[in-house]
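Nothing fancy with the numbering, it's 1 onward along the sequence.
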Amino acid sequence: MKNYNRITLMIGLLFMAAGCKISADVQAPKPELPVTFNNVAVKDTAGISALPWKSFFPDEGLHALIDSALIKNFDMLIALKNIEQAQQVVKQSKWNNVPSLYFNATASTSIPSKYSLNGLTTSQFFGSNHMEDYSIGASLSWEADIWKRIRNTNKAALAAYLQSDEARKTLQTDLIASVSKGYFNLLMLDEQLRVARYNTALSDSTLRIVNVQYNTGQATSLAVQQAQAQQLTVAGLIPQLEQEMALQENALHILTGQLPGVIHRHAILGDIRFPDEFSAGVPSEMLRRRPDVRSRELDLVIADAKLGISKAQMYPALRITASGGANALKASDWFNIPGSLFGVVGAGILQPLLQHKELSTQYKLAGIEREKTVILFRQTILNAVGEVSDAMVGIEKLKQQYLIAAKRVATLKQATANAGLLFQNGMANYLEVITAQENVLKSELDLASIKRQELSAITDLYRSLGGGVN
């Protein structure tokens, strides 16, 4: 009776200690954020990140590519399987607080040596040279979660599940951005190919005129050679651009989970229109929407849970066990109830003392790991703010570059037309015509490139604000 009271007292003391926290939950650090991005006035809280991607990107052809990527992309399919795995772990973790229950049934026959003590005893008491034993029963084991070890384990499992979904969202934003930028690059190549073909035809015309002048003695063979070299230079751009176009089409098909092939499109680069101004919203809203930032927050949750688990392992663990069933030495008495029934109840307390300082070291390592997680959390936020700022600056400056480049193209086109007329009337030489054609070709190619860079910067802004997730 005294032993029973002692056990009861020890268990009671342990449960009283359960109300005492061995380590306080560490709060996530508050990130340092600017009031606005690049000192731009805030028009709304969420900005363009609140727009669904189908509302943000205007082209139907691009919609079809993104839809295919989100459904068929192999990385996305793997991410969905990772979510399923994490979900199974969460479901299993809910059973951690449930006692373990085992069922067993045994039957055995023992034939001892007739000259041994067991053999003599068996013959004397059972009148037989063997001894039988039949048992059926169940055993139960339960660990009291006094120090929140199990709760922290469940907490870490849930955070890992949520983190797998954030990884899926991160991949989704990256896929939308990659497909969009690839599509815009394809439209740029279309425009550059159109420019190259037009200028090839223009160079052909110039070469014919120079040949006529050469045949009439008005031009030298050097003029013919330079005009021909100019024509070949421009013509050489066509297969180069066609190769780049095929590679880009193949890359987009792979992103969308399809076999390489041709992408049919009806839009041209100049048809893609976005609003003249973009609202980035407030920085704190970006933290709520960006999946990589939320994933880092979940890293902190997991690190806190692991810190609590390692601390709990340094304290005593209480395990309660119970077993019961039927046991008999003869099969005929096996179900002779209640005589064959038995039951055992026990409680054990395990307190680690000396384990080569492993538990203390594990706790310190968990604390250091959490500190590293805090640093990575702050770094992710800083990178996120930097990405938004870079995209906003890029959009603004590329718009200015585009306006200047467009004016330059218009001026050079007029200069090329004038040079052609003067050349045909003998008032300008072939070098002036070739130079004018080279300048307008380069300027038109640059104009298409700047437009594509501007569209890519807009896409980067949408992605860096956490747009395109659901």
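For D190, the salt bridge (charged side-chain N to carboxylate O under 4.0 Å, His left out) criterion is met by R265, not counting sequence neighbours. Scored by the salt bridge (charged side-chain N to carboxylate O under 4.0 Å, His left out) test, K72 finds no partners at all (sequence neighbours excluded). Judged as a side-chain contact (heavy atoms from CB on, under 4.5 Å), and not counting sequence neighbours, T233 has no contacts. Residues passing the salt bridge (charged side-chain N to carboxylate O under 4.0 Å, His left out) test with K54, sequence neighbours excluded: D67. In this view, N250 and P260 satisfy the side-chain contact (heavy atoms from CB on, under 4.5 Å) rule, not counting sequence neighbours. Listed by chain and number, the residues in a side-chain contact (heavy atoms from CB on, under 4.5 Å) with K181 are S456, T459, D460 (sequence neighbours excluded). Residues forming a side-chain contact (heavy atoms from CB on, under 4.5 Å) with K413 (at least two apart in sequence, or on another chain): V409, V440, E444. Take T373 and apply the side chain to side chain donor-acceptor pair (under 3.5 Å) test, not counting sequence neighbours, and it matches no residue. Looking at residues two or more places apart in sequence or on another chain, you find a ring-ring contact (aromatic ring centres under 6.0 Å, His included) between Y462 and F56, F57. A search for side chain to side chain donor-acceptor pair (under 3.5 Å) contacts involving Q414 returns N418, not counting sequence neighbours.
The one candidate from L241, L269, L247 that meets the side chain to side chain contact (heavy atoms under 4.5 Å, CB included) condition with L189 is L241.
At distances below 3.5 Å, not a single donor-acceptor pair connects side-chain atoms of R168 with backbone N or O atoms of I83. Between the S164 side chain and the A86 main chain, no donor and acceptor come within less than 3.5 Å of each other. Distance alone, capped at 3.5 Å, places no donor-acceptor pair between the D271 side chain and the A267 backbone. N199 places no side-chain N or O within 3.5 Å of a backbone atom of L202 that could act as its donor or acceptor partner. With hydrogens and angles ignored, the 3.5 Å screen pairs no side-chain donor or acceptor of S68 with any backbone N or O of L65.
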*Kindly determine whether R463 and I176 satisfy side chain to side chain contact (heavy atoms under 4.5 Å, CB included), including the steps that lead there.*
CA-CA 8 Å; R463 181 198 60 78; I176 292 172; over 6 Å; no
*Verdict with supporting geometry, T321 and S139, side chain to side chain contact (heavy atoms under 4.5 Å, CB included)*: CA-CA 7 Å; T321 59; S139 60; over 6 Å; no
_Under the criterion salt bridge (charged side-chain N to carboxylate O under 4.0 Å, His left out), I'd like the reasoning laid out for D446 against K442: C-alpha separation, chi angles, the key distance, then a yes or no._
CA-CA 6 Å; D446 288 343; K442 183 178 182 302; 3.0 Å; yes
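Counting heavy-atom neighbours within 6.0 Å of F103 CZ, excluding the residue itself, gives a total above 12. Counting heavy atoms of neighbouring residues, nucleotides and ligands inside a 6.0 Å radius, atom NZ of K399 exceeds 12 of them. Few gaps surround CG on L222; more than 12 heavy atoms of other groups in view lie less than 6.0 Å from it.
Salt bridge D292/R296: absent, no basic N to carboxylate O contact under 4.0 Å. A salt bridge is absent between R290 and E297: the closest approach of a Lys/Arg side-chain nitrogen to an acidic carboxylate oxygen does not fall below 4.0 angstrom.
Contacts classified as side chain to side chain donor-acceptor pair (under 3.5 Å) and involving residues 401-411 (residues at least two apart or in different chains) are given here: R408-S443.
Under 3.5 Å, the side chains of D299 and Q163 contain a donor-acceptor pair of N or O atoms. At a cut-off of 3.5 Å, with distance as the only test, no side-chain donor of T200 or Q231 sits close to an acceptor on the other residue.
Taking the side chain as every heavy atom from C-beta outward, K451 and E454 approach each other to under 4.5 Å.
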Would you list the atom pairs, donor with acceptor, under 3.5 Å between side chains in residues 223-230 and any protein atom, with sequence neighbours excluded?
unit_1: Q226; atom_1: OE1; unit_2: Y430; atom_2: OH; d: 2.9

